[in-house]
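Here is the structure we will look at, set down as structure tokens.
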Amino acid sequence: MAHDHRSHGAGAHDHSHGHGAGHMHGSTDKKRVLIAACLTAGFMVAEALGGLLTGSLALLADAGHMLADAIALGLAWYAFHLAGRPATGRLTYGFARVKTLVAYTNGIAIFVIALWIVYEAWGRLMHPAPVLGGPMLVVAVAGLLVNIASFLVLHGGDREGLNMRGAILHVLGDLLGSAAAIVAALIILATGWTPIDPILSVLVSLLILSTAWSLMREAAHVLLEGVPASLDRDLIAKDIEGAVKGVREVHHMHVWSLDGTSNMATLHACLNDGVDPHVAVSAIKKRLAAKHGIDHATVEPEFGLCSDSHDGHDHRHDHDHAHDAPPDRRHYH
């Protein structure tokens with residue numbers, strides 16, 4: 001397969017992709033996640049001991065959240081660490097997608113923790129246990145302060161990235177858990193009604209579950225290389241056909257996101273006779289970047305019948321990547 005790279009000179013394949021700004025974001029987010037992981041892990045031990053001493057499920061549930069979250073934040077930090085590594089011959093896109101994989105894993109972890117809390121809460125409602133409201137309140141307030149600090153550290157990062165959003169979701173769950181524990185402690189101190197402890201634990205779990213499901217669904221969409229929610233592949237194809245001079249038709253178009261923020265595309269552009277393919281490819285790439293936020297695109301210019309056509313079928317938006325193309329095909333990257 002012949003690869004024509006002459007179009008590089010015309011700016012047809014810009015490798016910069018804003019990596020400078022992205023690297024700065026990644027480096028800052030990496031530090032933020034590490035700080036939050038240390039804060040979470042440090043207080044998790046104190047909260048677990050507090051839960052055991054006071055008999056509070058709300059504290060134990062929040063400590064369970066914080067244990068999983070400390071691990072999840074550690075994984076998120078490691079994902080940022082891996083994402084900074086250069087691409088290899090085997091991993092040609094690098095390690096950026098590890099962040100999305102970790103975000104999906106975090107969503108699953110939140111589901112498991114929430115279900116465990118619901119199970120424990122049911123047991124507590126069936127067999128109420130004594131709870132020491134005073135010590136519980138002290139530990140819960142301290143936990144809330146730590147979680148607020150972690151949340152503020154993470155909230156200043158890039159909230160568009162799935163990995164950072166997963167990390168924020170974990171800390172938000174801890175924050176809600178601490179708030180629920182405070183409310184439960186105050187009610188127990190005022191009325192002595194201990195069932196409020198497991199009831200609030202379940203309510204917090206249900207709140208977190210809905211957000212976790214949204215995160216998992218979006219991360220799965222990225223991993224399945226679905227078209228980003230902000231983009232419409234067919235409208236983009238029509239836009240190129242209408243806006244770029246000399247383009248008769250766009251087909252075999254694929255649009256996906258590498259990590260939830262970096263959008264990419266591949267397409268075949270059928271050109272009118274006499275059109276300079278280098279100029280057309282450059283114009284298509286510029287249009288994709290300026291109008292649709294797609295900074296990395298691979299465009300294959302064609303004249304006449306598409307080289308991937310079989311038996312006259314219309315392959316306008318066929319999803320066959322057609323890697324086994326005739327040897328005389330040229331790809332402009």
Side-chain angles (χ1 to χ4, degrees), residues 35-75 105-154 166-213 215:
I35 292 170
C38 292
L39 287 173
T40 302
F43 192 77
M44 177 271 298
V45 177
E47 192 161 40
L49 291 173
L52 291 172
L53 292 173
T54 62
S56 169
L57 178 63
L59 285 182
L60 285 174
D62 199 38
H65 268 137
M66 294 186 83
L67 172 61
D69 293 351
I71 296 172
L73 289 168
L75 285 173
T105 305
N106 278 346
I108 295 176
I110 293 169
F111 256 83
V112 172
I113 295 166
L115 291 175
W116 172 79
I117 291 170
V118 171
Y119 174 78
E120 286 293 318
W122 177 255
R124 286 292 185 95
L125 287 171
M126 294 298 98
H127 306 285
V131 178
L132 302 176
M136 175 184 173
L137 180 61
V138 173
V139 175
V141 169
L144 181 67
L145 295 176
V146 170
N147 289 322
I148 288 174
S150 297
F151 181 78
L152 291 176
V153 167
L154 293 177
I168 291 173
L169 176 59
H170 275 284
V171 173
L172 184 60
D174 292 333
L175 200 155
L176 289 173
S178 295
I182 290 173
V183 173
L186 290 173
I187 292 176
I188 290 170
L189 285 173
T191 67
W193 192 55
T194 57
I196 189 63
D197 183 50
I199 289 172
L200 287 180
S201 299
V202 171
L203 287 177
V204 170
S205 296
L206 293 178
L207 286 173
I208 297 169
L209 278 176
S210 63
T211 314
W213 173 252
L215 175 70

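For Trp116, the CH2 atom counts as densely surrounded, since its 6.0 Å shell holds more than 12 non-hydrogen atoms of other residues, nucleotides or ligands.
Here the closest non-hydrogen pair linking Leu73 and Ala37 is CB-CB, 3.7 Å.
In this structure, the side chains of Val171 and Leu39 stay at 4.5 Å or more apart for every pair of heavy atoms.
Atom CD of residue Glu47 and atom OG1 of residue Thr54 lie 9.5 Å apart, to the nearest 0.5 angstrom.
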Which donor-acceptor pairs under 3.5 Å do the side chains of residues 120-134 make with protein atoms, sequence neighbours left out?
from, atom 1, to, atom 2, distance (Å)
Arg124, NH1, Gly55, O, 3.0

Going by atom type alone, with no hydrogens or angles, which donor-acceptor pairs under 3.5 Å involve a side-chain atom of residues 139-154 and a protein atom two or more places apart or on another chain?
from, atom 1, to, atom 2, distance (Å)
Asn147, ND2, Gly143, O, 3.0
Asn147, ND2, Asp174, O, 3.1
Asn147, ND2, Ser178, OG, 2.8
Ser150, OG, Val146, O, 3.2

Could you tabulate the donor-acceptor pairs under 3.5 Å formed by side-chain atoms of residues 184-203, not counting sequence neighbours?
from, atom 1, to, atom 2, distance (Å)
Thr191, OG1, Ile187, O, 2.7
Thr191, OG1, Trp193, N, 3.2
Asp197, OD1, Ser56, OG, 3.2
Asp197, OD1, Ala58, N, 3.0
Asp197, OD2, Leu57, N, 2.7
Asp197, OD2, Ala58, N, 3.4
Ser201, OG, Asp197, O, 2.9

